[in-house]
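Worth knowing before you read on, the calculation uses all heavy atoms, side chains too, and leaves out hydrogens, waters and symmetry mates. By convention here, the first residue in the shown sequence is residue 1.
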Amino acid sequence: MVLAQTRTPQGYSAPTPLEFKAGEKARFGQELKAKIEDARSGMRGLLDRMKDWDAFYESDLPPKDFPWQNCSNLNVPITQWVVDAWTAHVNDVVLGVSPITLVEPPPELAANPDVKAIAAKVQDFLDCMETDKMKLAAVLADEVHVSALLTPTANVKVTWKEEYRTVRVPQPAMDAFGEPAIDEFGRPASEIAERQEVKYRGPKVEYVDLKNFVIYPLTSRTIDDAYLVGHRYRLTPDDIRRRIKEGLFERGAEDLIDQASSESSDAEDFEMDEQLEALGIERSQEFESLHFWEILTGFDANGDDLNEDCLFTLEASSGTIVRATEYPYWHGRRCYVAFRALTRLNRYFGRCIPQIVEGCQREINAIHNQRIDAVHIAMSKAFKYIEGTVDPDRIRIYPGAAIGVQNLTDIEEFDIRPIVPGADSEEQAIRFAEDASAINDISLGKPTEGQKTLGEISLANARGGIRFGDVI
């Protein structure tokens, strides 16, 4: 169970609920819902492209029916080895140092031993929090870095979290008069009591999938200058009741529970199920749930006619606000952080590796599958025959086949000469992908193919190093 902002550690204040005028809350909820839907509609093209990039990366292409049903549709794993190679390089550079965060005194105080000692202590504290408490290295290596390379922008949410667990402990039993109870053997009786204990208290880094992220307007340059930013998550009826009991949601949120459905109400849920089924995984079990958006946006919380960042949680389908508070963090920065492999000028969404090599990937796949289809055509003959003279179901090519006909001219082979693309075409496309991604045989640590001079090898290595340094 994860509780946020319900207990207040030293130096941290619980968020203050917002006050609304009559009808203002419902109107503002519908306004937020409309802007979220507008942004998500604008992201539809990007999300569709991301599905193609995922298919290239996972080598999970759907069956083709042209030029015939279930013709060759293999995936040459160019996107996969480029992304994986980049991920390994990034993890090695970013996480290969210890501590992850270096703290140095300012130049004017660098010679002061007391300041240096303070900087060292701050560095040790950050290292303990990042590695032991926050598990930052694992989140970066397993989720953030690979997502930043696979998608235009990877997002993480950094918040204060308090995680609790239920512990069952024995304690003395009391009788009706408030005195210690005695069992039948004359010994003090005991009973099992449940209590909550802190499992974790501190900052938490959580990866937010771009499929569940929203920023409005889409032309925003950064998270801080957007009108609103947030993410979507799913809650079961029990989760909703628990949040009401803990004070995270308003009592009116219980009215939404009847709307919870065991049917997937979101198109992206169906898409996820289809992807799982394509991998041979059965459709996910359905469970009653509702989607909620957690949004950061401006609102006049203190009546000074100026908007301040506030936190809103609204049910996705109805726009009903179930939580509205002042922004709880003193630093004043929005708690989402964006990671991009390659930025785009004045745009929030950057560029990713699958986008860069997509053209080369499609070309290599097309050439590779054309070669397989051409061999298939050459091996599987096609015939023309005079109607009524032969049974077409008996016309099959296999070693030792014999087809009975009335006349030797009743059946005749079509003269089909398939065009077989040369292997050099694939090699050329691979070279294009290497130039576009800066990942080549040298950066992969394997011998170079073909006859390359020492100068060509050094040039390729230097070019890849420049690109690599720019991304890092």
Side-chain angles (χ1 to χ4, degrees), residues 48-85 150 274-275 277-280 353-387 389-405 407-437 439-441 444 446-452 460:
D48 288 341
R49 292 191 67 187
M50 285 174 53
K51 288 192 295 184
D52 291 340
W53 298 337
D54 286 340
F56 289 140
Y57 180 71
E58 300 289 347
S59 291
D60 182 29
L61 303 185
K64 286 197 319 186
D65 56 6
F66 181 84
W68 58 79
Q69 189 72 27
N70 292 325
C71 58
S72 178
N73 195 28
L74 300 179
N75 180 67
V76 181
I78 299 297
T79 301
Q80 185 182 86
W81 61 257
V82 169
V83 171
D84 288 348
L150 267 176
E274 291 174 357
Q275 293 174 8
E277 290 175 353
L279 294 173
I353 300 301
Q355 179 183 1
I356 293 173
V357 301
E358 181 178 9
C360 301
Q361 178 73 75
R362 293 187 183 278
E363 179 183 359
I364 294 171
N365 283 357
I367 296 173
H368 189 74
N369 288 296
Q370 285 170 356
R371 180 182 295 110
I372 295 175
D373 287 341
V375 174
H376 190 184
I377 292 173
M379 294 180 62
S380 304
K381 303 294 184 180
F383 299 91
K384 55 185 177 180
Y385 64 92
I386 299 175
E387 286 193 43
T389 59
V390 296
D391 181 3
D393 291 333
R394 295 176 52 231
I395 303 177
R396 293 290 184 269
I397 295 297
Y398 57 90
I403 302 174
V405 296
N407 297 291
L408 294 180
T409 57
D410 289 347
I411 184 170
E412 182 179 338
E413 179 185 348
F414 271 117
D415 184 15
I416 299 177
R417 300 179 182 180
I419 300 175
V420 182
D424 56 337
S425 299
E426 272 190 64
E427 294 177 0
Q428 180 63 52
I430 291 175
R431 286 195 292 271
F432 288 152
E434 291 179 349
D435 290 340
S437 65
I439 295 294
N440 49 45
D441 294 339
L444 291 174
K446 67 178 185 178
T448 59
E449 298 180 1
Q451 299 296 324
K452 289 186 178 180

query = Could you state the interatomic distance from CG (Asp54) to CG (Leu150), rounded to the nearest 0.5 Å?
reply = 6.5 Å
task = Enter the distance from Lys64:NZ to Leu74:CG here, rounded to the nearest 0.5 Å.
result = 9.5 Å
Can you list everything that forms a side-chain contact (heavy atoms from CB on, under 4.5 Å) with [X]? Sequence neighbours excluded, please.
X: Pro63; result: Asn70
X: Asp65; result: Gln69
X: Ile377; result: Trp68, Ile416, Pro418
X: Ala55; result: Leu61

task = Answer whether the closest heavy-atom distance between the side chains of Asp84 and Tyr57 falls below 4.5 Å.
result = yes
message = Side chains of Phe56 and Asn75, heavy atoms from C-beta outward: is any pair under 4.5 Å?
response = yes
query = With sequence neighbours left out, what residues match Arg49 under salt bridge (charged side-chain N to carboxylate O under 4.0 Å, His left out)?
reply =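 Residues passing salt bridge (charged side-chain N to carboxylate O under 4.0 Å, His left out) with Arg49: Glu358.
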ask   = In terms of side-chain geometry, is the basic nitrogen of Asp48 or Lys51 positioned less than 4.0 Å from the acidic oxygen of its partner?
value = yes
task = Name all residues meeting the side chain to side chain donor-acceptor pair (under 3.5 Å) criterion together with Asn369; count only those two or more places apart in sequence or in a different chain, and write none if there are none.
result = Ser72
request  = Of all the heavy-atom pairs spanning Phe66 and Cys71, show the shortest one and how long it is.
outcome  = O-SG, 2.8 Å
query = Do you know which of Arg362, His368, Gln361 makes side-chain hydrogen bond (donor to acceptor under 3.5 Å, both in side chains) with Asn365?
reply = Gln361
